[in-house]
Amino acid sequence: MSTKNFPPLNEQMDAIRRGTIDLINEEELAKKISKGRPLVAKLGADPSSPDLHLGHAVVLGKLRTFQDLGHEAHLIVGDFTAMIGDPSGRSKTRPMLTVEETRQNGKTYIEQVSKVLSNDRLVVHYNNDWLGRLTFPDVIKLAGSYTVSQMLEREDFHKRFNEEQPISLHEFLYPLAQAMDSVEIRSDIELGGTDQKFNLLVGRELQRHFDQEPQCILTMPLLEGTDGVRKMSKSYGNSINFNDSADEMFGKTMSIPDSAIYKYFLLATKVKDIAEIKSVLESGEENPRNIKVRLAQEIIRQFYDPSAADNALQRFEQMFVKKETPDDIEVLLLPIGSECVVVDLMVETKMAATKSEARRLIQGGGVSLNGEKVSNERATLIPTSAGVVLKVGKRRYLKVKSA
RNA sequence: GGGCAGGUACUCAAGCGGUCAACGAGGGCAGACUGUAAAUCUGCUGACGAAGUCUACAAAGGUUCGAAUCCUUUCCUGCCCA
């Protein structure tokens, strides 16, 4: 077992180092690798938001690298810690979840993770298994291993403290709980986003505290969301999700600002010629749109088969460049001779949340019937056998046919 | 336990007795433009309606012709003192 063949040390180090922000520290890691046994590479999964997105793919991809090098990927589903809610980078206390909710989320999490990780050398843990067993005296002892000012070293806590924002006591426990995970699985290296640096370092401390060899830590840059500014997050509504359709992935990728293109290539794809892409972008000799098209396709290829990427491009061209009506619109059948008010129809079919919103859309010129702008809020629609195409905004279509 | 400062729409943040469905910014949506669902510019952003009406400014009461604005109590947050 331990005689397993690993790639040469420097090759491993290069692969591990690529794209990282912090790697603490390299000598320690080299030493661990040199022992010739598979490393325990740890990644914590936060099941409080069950939908994975491209931001997660950055660090998951790195974990995959460890698998490919012959090491073990240990995924810790934080079903216990999700009850606390990681305060990292937050300016507010997060809502706490119940165990049931987090278990459920954990399941869907694993399904999605398998799109990036290999099933070989993958170990999945649920940290409620050990953290849930701690007694109150255990917790007090644990809390005693760290001080308030150590906690306040962390930037986000520090900031909230200075800005007189609330910090709940349990939030201090989060880094310690995560650190306990490292102790429990005897982690050799823990991966995370840069926002996790503090938590990862606490793991190191705590392992020392328990007389274990401290883990190395590796952080990856955070990927900005499609707005190009805030970090990608479901709750900001700027994420490209694992479960998005190829078309959605395409469209969302096209909506990132041009300035974010390079970073997306670097972190969200595995393309080799990133240096070239960078120089092309900087020279401005190519319309950024075209580079973005390639990016979108590269991203889609990681989740769907290659033809999906081409199809998505085609549909995008049709819909937005040529402004044609797509051919596969949802059809709504209504009885012959029925006449319905457009505003009501929009609400019923969820094309608008409320009647007021529907009216606003009409006033703003965002609604059309068979290509003709609707100008009257009280416009009605009579379904025909050929179908009337109702368009709301740029990409919401509905065909209304008489039954 | 005492003192002080706060709680306003998705977020931040004005308003401090009528002209407030509530300035401004961000976000979101839409329109124009464009070889981009980039950038830029413009409009909209409580609900229902024809005008207009109703529900909203932590919660509950109260003062007033009239309250987000004043008073009382309650809940929540921060700071200082103990």
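In the text below, chain A, chain B and the rest are named by the order of the sequence lines, each starting its count at 1.
Using C1' as the reference atom, B:G17 and B:U11 are 29 Å apart when rounded to the nearest Å. Taking the P atoms as reference points, B:A58 lies 23 Å from B:A25, given to the whole Å. Annotation: B:A13 and B:A37 have their C1' atoms spaced 30 Å apart (nearest Å). Across the C1' atoms, B:C10 and B:G27 are found 7 Å apart, a figure rounded to whole Å. Here the separation of B:G7 from B:G62, taken at their P atoms, is 24 Å to the nearest Å. B:U74 and B:A21 have their P atoms separated by 32 Å, with the value rounded to a whole Å. Rounded to a whole angstrom, the distance from the C1' atom of B:C75 to that of B:C41 is 47 Å. Using C1' as the reference atom, B:G46 and B:A9 are 8 Å apart when rounded to the nearest Å.
Contact annotation for A:Asn290: base contact, defined as any heavy-atom pair under 4.0 Å involving a base atom. Nucleic acid contact class of A:Ile256 (heavy atoms, under 4.0 Å, all strands): sugar-phosphate only. Within 4.0 Å (heavy atoms only), A:Phe316 reaches at least one base atom of the nucleic acid. Heavy atoms of A:Ser356 sit under 4.0 angstrom from at least one base atom. Looking at heavy-atom distances under 4.0 Å, A:Arg378 makes contact with sugar-phosphate atoms alone, never a base. Using a 4.0 Å heavy-atom distance criterion, A:Lys373 is classed as a sugar-phosphate-only contact. Using a 4.0 Å heavy-atom distance criterion, A:Lys292 is classed as a base contact. Residue contacts shown for A:Gly393 are limited to sugar-phosphate atoms, with no base heavy atom under 4.0 Å away.
Between the side chain of A:Asp188 and the main chain of A:Val40, a donor-acceptor pair closer than 3.5 Å is present.
Side-chain atoms of A:Asp258 lie closest to B:U36 of the nucleotides B:G46, B:G35, B:U36. The listed nucleotides are B:C48, B:A37, B:G27; the one nearest the side chain of A:Arg230 is B:G27. Nearest to the side-chain atoms of A:Pro166 among the listed nucleotides B:U77, B:G35, B:A37 stands B:U77. Nearest to the side chain of A:Phe320, among B:A37, B:G35, B:A47, sits B:A37. Proximity note for A:Glu164 (side chain, C-beta onward) versus B:C29, B:U36, B:G78: the nearest is B:G78. In this structure, the nucleotide among B:C44, B:G35, B:A30 sitting nearest to the side chain of A:Arg360 is B:C44.
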*After noting the C-alpha distance and the side-chain angles of A:Leu122 and A:Val124, does the key distance pass the side chain to side chain contact (heavy atoms under 4.5 Å, CB included) rule?*
CA-CA 7 Å; A:Leu122 174 66; A:Val124 179; 4.3 Å; yes

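Other residues, nucleotides and ligands place no more than 12 heavy atoms under 6.0 Å from the NZ atom of A:Lys141.
In terms of position on RNA chain B, the residue among A:Val392 and A:Pro257 whose nearest nucleotide sits closer to the 5' end is A:Val392. Looking at which nucleotide of RNA chain B each of A:Lys252 and A:Gly365 is closest to, the 5′-most match is held by A:Gly365.
A perpendicular orientation is assigned to the rings of A:Tyr146 and A:Phe198, their planes being inclined by more than 60° (bins at 30° and 60°).
Looking at A:His71 and A:Gln12, their side chains do bring a donor and an acceptor atom within 3.5 Å of each other.
A salt bridge does not link A:Arg204 with A:Glu190: every distance from a Lys NZ or Arg NE/NH1/NH2 to an Asp or Glu carboxylate oxygen is 4.0 Å or more.
Between A:Thr354 and B:G46 there is no side-chain polar atom (N or O) within less than 4.0 angstrom of OP1 or OP2.
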